[in-house]
> 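Here it is: the structure, laid out below.
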Amino acid sequence: EAAVTQSPRSKVAVTGGKVTLSCHQTNNHDYMYWYRQDTGHGLRLIHYSYVADSTEKGDIPDGYKASRPSQENFSLILELASLSQTAVYFCASSGDSGNTLYFGEGSRLIVV
Amino acid sequence: GDKVKQSPSALSLQEGTNSALRCNFSIAATTVQWFLQNPRGSLINLFYLVPGTKENGRLKSTFNSKESYSTLHIRDAQLEDSGTYFCAAERNNYAQGLTFGLGTRVSVFP
């Protein structure tokens, strides 16, 4: 069965600090995504990647970087965390850009 | 949420009854996916649709690309159907993931 695992599952960060959210998939999928979920906004795409060592900007990339060191791993980096980045972050993978999306369990980030 | 509009925003169902959720698209959607976010927060894929209809147990979904909408029918609602249902569209000529609606919160009561 498809497996996408995220870490940490929950984190409290201080404003201005660096935060790294990690995602690992065992689906052998080429596409990986980072989405952000806020109340009233649904899920919005931050960054995505379709091949190792390459990342692309999604709809709301400002304030975030992404890294795809291997097919299995995709990280989301907040260099200078801000209060507005408090949200739940979901990683997902798919075999192709339009194929079924498999989500991780989410990472709840609180910036104080 | 503007490009993918879900209705209703919330729904309360008695066990055993039927209901329908709807998504209207203002973008040229080529495929649609439906997800259930359960009370624990996990996102579960329910359907992946090209234009047409799929059925899985008590759930049935239709995607009409010409009229830019999709529906999800819940038959014989059960308590475990509670959660928030999201539809998401893949845009034509836009390979970067899916565009999500804001969701329909469904509460099933005994």
Side-chain angles (χ1 to χ4, degrees), chain A residues 1-6 9-10 23 25 27 29-51 54-61 64 66 68 74 76 87-109, chain B residues 1-10 21 23-52 54 56 61 63 65 70 83-105:
Chain A
E1 186 172 329
V4 180
T5 54
Q6 297 181 225
R9 294 291 313 281
S10 180
C23 180
Q25 55 107 351
N27 306 326
H29 284 165
D30 287 328
Y31 281 75
M32 295 187 75
Y33 310 86
W34 276 106
Y35 284 91
R36 168 180 173 153
Q37 185 175 34
D38 301 272
T39 304
H41 286 280
L43 283 93
R44 294 179 290 174
L45 182 64
I46 307 170
H47 285 286
Y48 70 101
S49 169
Y50 55 84
V51 68
S54 178
T55 64
E56 306 292 335
K57 294 180 180 179
D59 296 320
I60 54 164
Y64 303 94
R68 182 93 181 269
F74 191 38
L76 185 68
V88 179
Y89 292 85
F90 285 95
C91 176
S93 75
S94 68
D96 198 348
S97 67
N99 284 7
T100 300
L101 211 59
Y102 294 94
F103 280 95
E105 294 294 301
S107 297
R108 182 176 296 274
L109 175 65
Chain B
D2 287 348
K3 298 182 175 69
V4 178
K5 287 192 175 179
Q6 291 191 239
S7 61
S9 57
L21 286 57
C23 270
N24 289 309
F25 309 110
S26 60
I27 54 176
T30 54
T31 66
V32 172
Q33 297 188 38
W34 282 91
F35 300 86
L36 168 61
Q37 187 167 35
N38 63 24
R40 287 180 50 242
S42 299
L43 282 157
I44 302 159
N45 192 287
L46 300 175
F47 290 103
Y48 169 83
L49 294 159
V50 294
K54 283 190 177 179
N56 184 4
S61 185
F63 171 35
S65 58
S70 178
T84 302
Y85 290 79
F86 290 97
C87 67
E90 179 192 15
R91 296 182 233 178
N92 193 25
N93 295 323
Y94 180 71
Q96 301 100 302
L98 304 174
T99 301
F100 282 77
L102 298 184
T104 295
R105 177 168 289 196

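Just so it is clear: chains get the letters A, B, ... in the order the sequence lines come, proteins before strands, and each one is counted from 1. These numbers come from the heavy atoms of this one structure, side chains and all, not from hydrogens, waters or symmetry mates.
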> To the nearest 0.5 Å, what is the distance between OG1 (B/Thr99) and CG (A/Asp59)?
6.0 Å
> Write down the atom of B/Phe100, the atom of A/Leu101, and the distance for their closest heavy-atom approach.
CZ-CD2, 4.3 Å
> Which distance, rounded to the nearest 0.5 Å, do you find between the CG of B/Leu49 and the OG1 of A/Thr100?
9.5 Å
> Quick one: pull up CD in B/Gln33 and OG in A/Ser94 and give me the separation to the nearest 0.5 Å.
8.0 Å
> Do B/Tyr48 and A/Asn99 come within less than 4.5 Å of each other through their side chains, counting heavy atoms only?
yes
> Given a strict heavy-atom distance threshold of 4.5 Å, which part of B/Phe35 is in contact with chain A: side chain, backbone, both, or neither?
side chain
> Pair A/Phe90, B/Leu43 - check side-chain contact (heavy atoms from CB on, under 4.5 Å), show working.
CA-CA 9 Å; A/Phe90 285 95; B/Leu43 282 157; 3.8 Å; yes
> What do the steps show when you test B/Leu98 against A/Leu43 for side-chain contact (heavy atoms from CB on, under 4.5 Å), and what is the final call?
CA-CA 9 Å; B/Leu98 304 174; A/Leu43 283 93; over 6 Å; no
> Given a strict heavy-atom distance threshold of 4.5 Å, which part of A/Tyr50 is in contact with chain B: side chain, backbone, both, or neither?
neither
> For the backbone of B/Gly41 and the side chain of A/Glu105, can you confirm whether one donor and one acceptor N or O come within less than 3.5 Å of each other?
no
> State the CZ-CD1 distance between A/Phe103 and B/Ile44, to the nearest 0.5 angstrom.
11.5 Å
> Counting only heavy atoms not in A/Arg44, do more than 12 fall under 6.0 Å of its CZ?
yes
